[in-house]
Amino acid sequence: DTEVTQTPKHLVMGMTNKKSLKCEQHMGHRAMYWYKQKAKKPPELMFVYSYEKLSINESVPSRFSPECPNSSLLNLHLHALQPEDSALYLCASSQVPWGATNTGELFFGEGSRLTVL
Amino acid sequence: AQTVTQSQPEMSVQEAETVTLSCTYDTSENNYYLFWYKQPPSRQMILVIRQEAYKQQNATENRFSVNFQKAAKSFSLKISDSQLGDTAMYFCAFMKQRSGAGSYQLTFGKGTKLSVIP
């Protein structure tokens, strides 16, 4: 199984809503990532979890709250978002640590398309 | 900080022809990976090919091959016998291990939109 599964595929929310994005992988990867991608732009890193602990937060506003309940799951909780937060949110996972048998590849999900009204 | 530059925002190629996408990067690291990822309109980012920096031999994956010039910090992608399914955004990416974080830092270029014309 080389899949990263993201739900929902599409989400529309108002600025006062609270919603969550979910990501799941069963490849035994211990690093999981959230990326934000605006139209016609490359993905931008938001958060990284390594061994279920938050290791990188790229100065993301607190209205985005990540959570890693276990080694297979990654959530992104959304609250009081702004219209400019509308984007494709990509989840990815990878092996760690760096080593001879590690390909270094990030496996991406299909993304969750978020629209904030 | 690492930078990845893709100087061709858009390219087109006739079906069955060959096309080369260019990528340059800037780093002071010696141990890193380079990737080409493909993102079709269906939006899932898919790995096309990878290259370890310590390997001199250029990576090849079926119709896809790279020209890796480490000294010049250049990493171009050649697609042979182009197919309609190759139509996508192609991102060149640089990866290094992020020290102390137990994870990787993947830096993307801005992408090249490739259209394969029937």
Side-chain angles (χ1 to χ4, degrees), chain A residues 2-6 9-10 23 29-58 66 68 71 74 87-114, chain B residues 1-6 8-10 21 23 25 29-55 59 61 75 88-115:
Chain A
T2 58
E3 278 194 350
V4 175
T5 304
Q6 290 187 244
K9 292 193 184 325
H10 300 273
C23 174
H29 292 170
R30 302 303 295 276
M32 296 186 76
Y33 308 74
W34 279 116
Y35 282 85
K36 174 183 178 179
Q37 187 178 24
K38 302 284 273 185
K40 299 184 180 180
K41 299 289 186 183
E44 298 176 353
L45 183 64
M46 300 175 71
F47 302 104
V48 182
Y49 273 83
S50 178
Y51 296 97
E52 296 85 67
K53 294 189 187 312
L54 183 65
S55 61
I56 298 171
N57 176 344
E58 295 285 21
C68 189
S71 59
L74 184 66
L88 181 67
Y89 288 84
L90 294 168
C91 174
S93 69
S94 73
Q95 295 174 304
V96 283
W98 192 282
T101 59
N102 191 339
T103 65
E105 178 182 353
L106 262 64
F107 291 78
F108 286 87
E110 291 188 3
S112 293
R113 175 79 64 194
L114 173 66
Chain B
Q2 285 66 230
T3 59
V4 179
T5 302
Q6 293 179 251
Q8 305 148 315
E10 292 193 40
L21 280 57
C23 173
Y25 60 95
E29 302 283 334
N30 195 46
N31 188 19
Y32 54 87
Y33 285 108
L34 294 165
F35 300 89
W36 280 97
Y37 277 92
K38 165 186 175 182
Q39 189 175 36
S42 64
R43 78 195 184 196
Q44 184 167 18
M45 196 80 75
I46 302 165
L47 179 68
V48 175
I49 198 165
R50 74 172 67 83
Q51 175 81 43
E52 291 92 336
Y54 65 87
K55 288 188 177 179
E61 197 72 43
F75 182 61
M89 183 73 83
Y90 286 80
F91 291 100
C92 178
F94 171 98
M95 174 183 277
K96 69 167 190 174
Q97 187 175 23
R98 190 136 170 182
S99 61
S103 60
Y104 304 116
Q105 179 172 327
L106 187 65
T107 302
F108 289 94
K110 291 188 175 182
T112 296
K113 183 178 179 182
L114 177 67
S115 299

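A, B, ... follow the sequence lines: proteins, then strands. Residue 1 opens every chain.
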Engaged part of B/Gln39 at the chain A interface, taking heavy atoms whose separation is under 4.5 Å: side chain
Euclidean distance, B/Gln44 CD relative to A/Leu88 CG, rounded to 0.5 Å: 10.5 Å
Smallest separation among heavy atoms of A/Pro42 and B/Gly109, with atom names: CB-O, 3.2 Å
Side chain / backbone / both / neither for A/Glu44 at chain B, heavy atoms under 4.5 Å: neither
B/Phe108 to A/Pro43 - nearest heavy-atom pair and separation: CD1-O, 3.8 Å
Leading residue by heavy atom contact count with chain B [cutoff under 4.5 Å; candidates A/Lys53, A/Lys41, A/Arg113, A/Gln37]: A/Gln37
Minimum-distance pair of heavy atoms, taken over all atoms of B/Leu106 and A/Phe108: CD2-CZ, 4.2 Å
Rounded distance [0.5 Å steps], OH in B/Tyr37 versus CG in A/Leu106: 5.0 Å
Distance (rounded to the nearest 0.5 Å) between B/Met95 CE and A/Glu105 CD: 8.5 Å
